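Residue numbering restarts at 1 for every chain, and letters A, B, ... go by the order of the sequence lines. Everything numeric in this text was worked out from a predicted model, so none of it was measured.
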Amino acid sequence: QVQLVESGGGVVQPGRSLRLSCAASGSTFSNYGMHWVRQAPGKGLEWVAIIWYDGENKYYSESVKGRFTISRDNSKNTLYLQMNSLRSEDTAVYYCTRGSPIRGMDVWGQGTTVIVS
Amino acid sequence: DIVMTQSPDSLAVSLGERATINCKSSQSLLYNSNTENYLAWYQQKRGQPPKLLIYWASIRESGVPDRFSGSGSGTNFTLTISSLQAEDVAVYYCQQYVSPPPYTFGQGTKLEIK
């Protein structure tokens, strides 16, 4: 059973930084691309970033480009999201998801909440 | 960027009746190399993360009841629930994953019981 568990959320002041983690188990983490997706309170889903299975390629939404950095440590089966210069509009539940080129986002974590205030 | 637009924004259907949700993309989601449409549908119940229902526009994810079906090609897609059950109350999202990122979502459709 594949499982993704996010951590690192919390309350942070505008302009400060936070690092989210996502621990993967139950599958070969290094075989898959990984995404971060966020959901602001009462709003829809917003794709944030993707990192290729080997970490070589990374892409970001325009809303976070230059402020957020996605990374991974395949030896630790862990995905990260470094969030700098946080803004109130970054307040959301952040989900990590496993990316499949065929099936889209086939496994989701439970999410971790970030509040910028 | 590809824009995904769902309709309607909300929908109320009686138990046992058919529910239909539409999704339109601003560009074709058909990938010429394999003639598949890179369109997924997700279900999100209150307080839970999204769950993959359909990929490649019409392929049900393992374990998804067969009352859920996806159809469409190019820029127009549909999610159909053939006989609505109480446990199907949720928000449904379409998402494209054909292009280089961003992998955009539709705005969501809230499905309720009439």
With a 4.5 angstrom heavy-atom cut-off, which part of A:Val107 approaches chain B: side chain, backbone, both or neither?
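Contact with chain B is absent: no heavy atom of A:Val107 under 4.5 Å.
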
Please classify the contact between A:Ile50 and chain B as side chain, backbone, both or neither, with a heavy-atom cut-off of under 4.5 Å.
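Contact with chain B involves the side chain of A:Ile50 alone.
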
Under a 4.5 Å cutoff for heavy-atom pairs, which residue among A:Gly99, A:Pro101, A:Ala49 has the most contacts with chain B?
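Result: the option with the highest number of such pairs is A:Pro101.
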
Starting from B:Leu30, can I reach B:Phe77 by hopping between I/L/V/M/F/W/Y residues whose side chains sit under 4.5 Å apart?
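No, because B:Phe77 and B:Leu30 fall into different hydrophobic clusters, even though each may have its own neighbours under 4.5 Å.
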
Is there a side-chain contact between [X] and [Y] in this structure, where contact means two heavy atoms from C-beta onward sitting under 4.5 Å apart?
{"X": "B:Asn22", "Y": "B:Asn76", "value": "no"}
{"X": "B:Leu111", "Y": "B:Leu84", "value": "yes"}
{"X": "A:Met34", "Y": "A:Leu4", "value": "yes"}
{"X": "A:Leu18", "Y": "A:Val116", "value": "no"}

Distance-minimising heavy-atom pair for [X] and [Y]:
{"X": "A:Val2", "Y": "A:Gly26", "result": "CG2-O, 3.8 Å"}
{"X": "B:Leu15", "Y": "B:Ala86", "result": "CD2-N, 3.5 Å"}
{"X": "B:Leu53", "Y": "B:Val64", "result": "O-CG2, 3.7 Å"}

When heavy-atom pairs shorter than 4.5 Å are enumerated against chain A, which of B:Gly106, B:Pro50, B:Pro102 gives the highest number?
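Ranked by contacts with chain A, first place is B:Pro50.
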
Just by distance, which donor-acceptor pairs between chain B and chain A come in under 3.5 Å?
unit_1, atom_1, unit_2, atom_2, d
B:Tyr42, OH, A:Met105, N, 2.9
B:Gln44, OE1, A:Gln39, NE2, 2.9
B:Gln44, NE2, A:Gln39, OE1, 2.8
B:Gln44, NE2, A:Tyr95, OH, 3.4
B:Glu61, OE1, A:Arg103, NE, 3.1
B:Glu61, OE1, A:Arg103, NH2, 3.0
B:Glu61, OE2, A:Arg103, NH2, 2.4
B:Tyr93, OH, A:Gln39, NE2, 3.3
B:Tyr97, OH, A:Ile102, O, 2.6

